[in-house]
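Accompanying notes for the structure given below.
This is a predicted model, so every value here is computed, not measured.
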Amino acid sequence: MKEKISVCIVSISERAGMIEGTINSLLHQTDKIYLYLNNYDEASARQIKAISPAKIEYIIGDNSYGDAGKFYWADRLLDGYILTADDDLVFPKNYVQIIINGIERCGRKAIASFHGRILKFPMTSYYRDYKNYFSFSNQLEQDTFVHIGGTGCMGWHSPSINISM
């Protein structure tokens, strides 16, 4: 049986013009896209859902969760492969498969991401106290452990790993 693939995205209304590109880049790679739309009006949200009514679900929020809104769906409704994405990125056609391959290489016991930081300890500041920062824009030769993965291009398998708000 095929595992379900879901993508969770949070978006702020100021990026309403960008999210369509994000959705279109992921739509054919996933079974469902879940949107947490911060400060959107209902008309704008319905317009976004119209891109693919059967594949897109949304909730309108007040930005009280901020960027963490992409995890709103993680402990509701979802099982299989769950990916999170930023609303201002356009993803390559093989993005989802690459994330899934990374999850599978670790026996579904790891969270895969294309961003990340390796921290220095003792740590007093997340912004200053890190040894390495890895970005999706730089290619790595091999998988690399990080302390903090970037949520803009991240994935895991549920229920192998449970993440909640």
Side-chain angles (χ1 to χ4, degrees), residues 1-104 108 110-117 126-127 133-138 146 148-165:
M1 185 170 113
K2 180 184 177 289
E3 294 271 359
K4 183 178 176 187
I5 300 169
S6 304
V7 176
C8 303
I9 304 169
V10 68
S11 182
I12 54 174
S13 58
E14 295 84 0
R15 291 188 181 163
M18 302 171 103
I19 194 165
E20 187 172 340
T22 302
I23 290 170
N24 285 328
S25 70
L26 294 167
L27 199 57
H28 301 293
Q29 301 183 60
T30 65
D31 297 306
K32 200 84 165 176
I33 295 178
Y34 295 91
L35 303 173
Y36 194 95
L37 301 173
N38 285 317
N39 298 323
Y40 275 73
D41 59 65
E42 189 63 42
S44 297
R46 282 194 307 268
Q47 186 175 359
I48 292 167
K49 182 172 175 71
I51 296 168
S52 182
K55 278 193 164 185
I56 295 174
E57 295 291 328
Y58 71 86
I59 187 168
I60 296 175
D62 62 4
N63 207 23
S64 57
Y65 291 134
D67 196 40
K70 62 182 73 151
F71 295 100
Y72 173 83
W73 303 97
D75 61 349
R76 297 164 166 83
L77 314 174
L78 304 181
D79 60 355
Y81 296 102
I82 302 171
L83 285 73
T84 56
D86 278 350
D87 63 346
D88 60 346
L89 297 177
V90 174
F91 294 87
K93 293 179 185 341
N94 61 348
Y95 167 72
V96 169
Q97 191 57 56
I98 290 171
I99 286 280
I100 289 172
N101 291 347
I103 294 166
E104 290 299 316
R108 298 183 174 176
I111 298 170
S113 179
F114 281 93
H115 285 310
R117 289 181 190 222
Y126 165 79
Y127 298 102
Y133 171 74
F134 303 99
S135 172
F136 72 91
S137 60
N138 299 321
V146 296
I148 300 173
T151 64
C153 41
M154 172 181 278
W156 65 93
H157 183 270
S158 177
S160 304
I161 294 178
N162 292 311
I163 294 179
S164 69
M165 280 296 289

Between R15 and D88, does any side-chain N to carboxylate O distance fall below 4.0 Å?
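Salt bridge flag = yes for D88 with R15.
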
Note: E42-K49 ion pair, threshold 4.0 Å (strictly below):
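The answer is no: the pair does not qualify as a salt bridge.
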
Indicate yes or no for a side-chain donor-acceptor contact from [X] to the backbone of [Y] under 3.5 Å, with no hydrogens or angles considered.
X    : Y    : answer
S25  : F91  : yes
Q29  : V96  : yes
N38  : I12  : no
S113 : C153 : yes
K32  : V7   : no

Residue pair [X] / [Y], side-chain heavy-atom distance below 4.5 Å:
X    : Y    : result
H28  : K93  : no
M154 : I111 : yes
Y34  : S6   : yes
P53  : I56  : no

Worked check of side-chain contact (heavy atoms from CB on, under 4.5 Å) between D31 and K2:
CA-CA 11 Å; D31 297 306; K2 180 184 177 289; 3.1 Å; yes

Which distance, rounded to the nearest 0.5 Å, do you find between the [atom1] of [X] and the [atom2] of [Y]?
X    : Y    : atom1 : atom2 : answer
S52  : N24  : OG    : CG    : 9.0 Å
N63  : L37  : CG    : CG    : 11.5 Å
I19  : Q47  : CD1   : CD    : 12.0 Å
N39  : S44  : CG    : OG    : 11.5 Å
E3   : I103 : CD    : CD1   : 10.0 Å
H157 : I100 : NE2   : CD1   : 9.0 Å

State, to 0.1 Å, how close [X] and [Y] come at their nearest heavy-atom pair, and which atoms those are.
X    : Y    : result
D86  : I9   : C-CG2, 4.3 Å
A45  : Y58  : CB-CE1, 3.4 Å
K70  : C8   : O-CB, 3.1 Å
Y72  : I59  : OH-CD1, 3.3 Å
S158 : I82  : CB-CD1, 3.7 Å
I161 : W156 : O-CD1, 3.5 Å

I'd like to know if the side chain of E104 pairs up with that of Y81 as donor and acceptor (distance under 3.5 Å, no hydrogens or angles considered).
yes

Side chains of Y36 and S11: is there a donor and an acceptor less than 3.5 Å apart?
no

Carefully, step by step, assess E57 and I33 under the rule side-chain contact (heavy atoms from CB on, under 4.5 Å).
CA-CA 6 Å; E57 295 291 328; I33 295 178; over 6 Å; no

Are V10 and D87 close enough, and set up right, to give a side-chain contact (heavy atoms from CB on, under 4.5 Å), and what steps lead you there?
CA-CA 7 Å; V10 68; D87 63 346; over 6 Å; no

Please step through side-chain contact (heavy atoms from CB on, under 4.5 Å) for the pair L83 and Y95, ending with a clear verdict.
CA-CA 10 Å; L83 285 73; Y95 167 72; 3.7 Å; yes

Is it the case that over 12 heavy atoms from other parts of the model lie below 6.0 angstrom from the CD atom of E20?
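No - once you tally the heavy atoms of other residues, nucleotides and ligands closer than 6.0 Å, there are 12 at most.
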
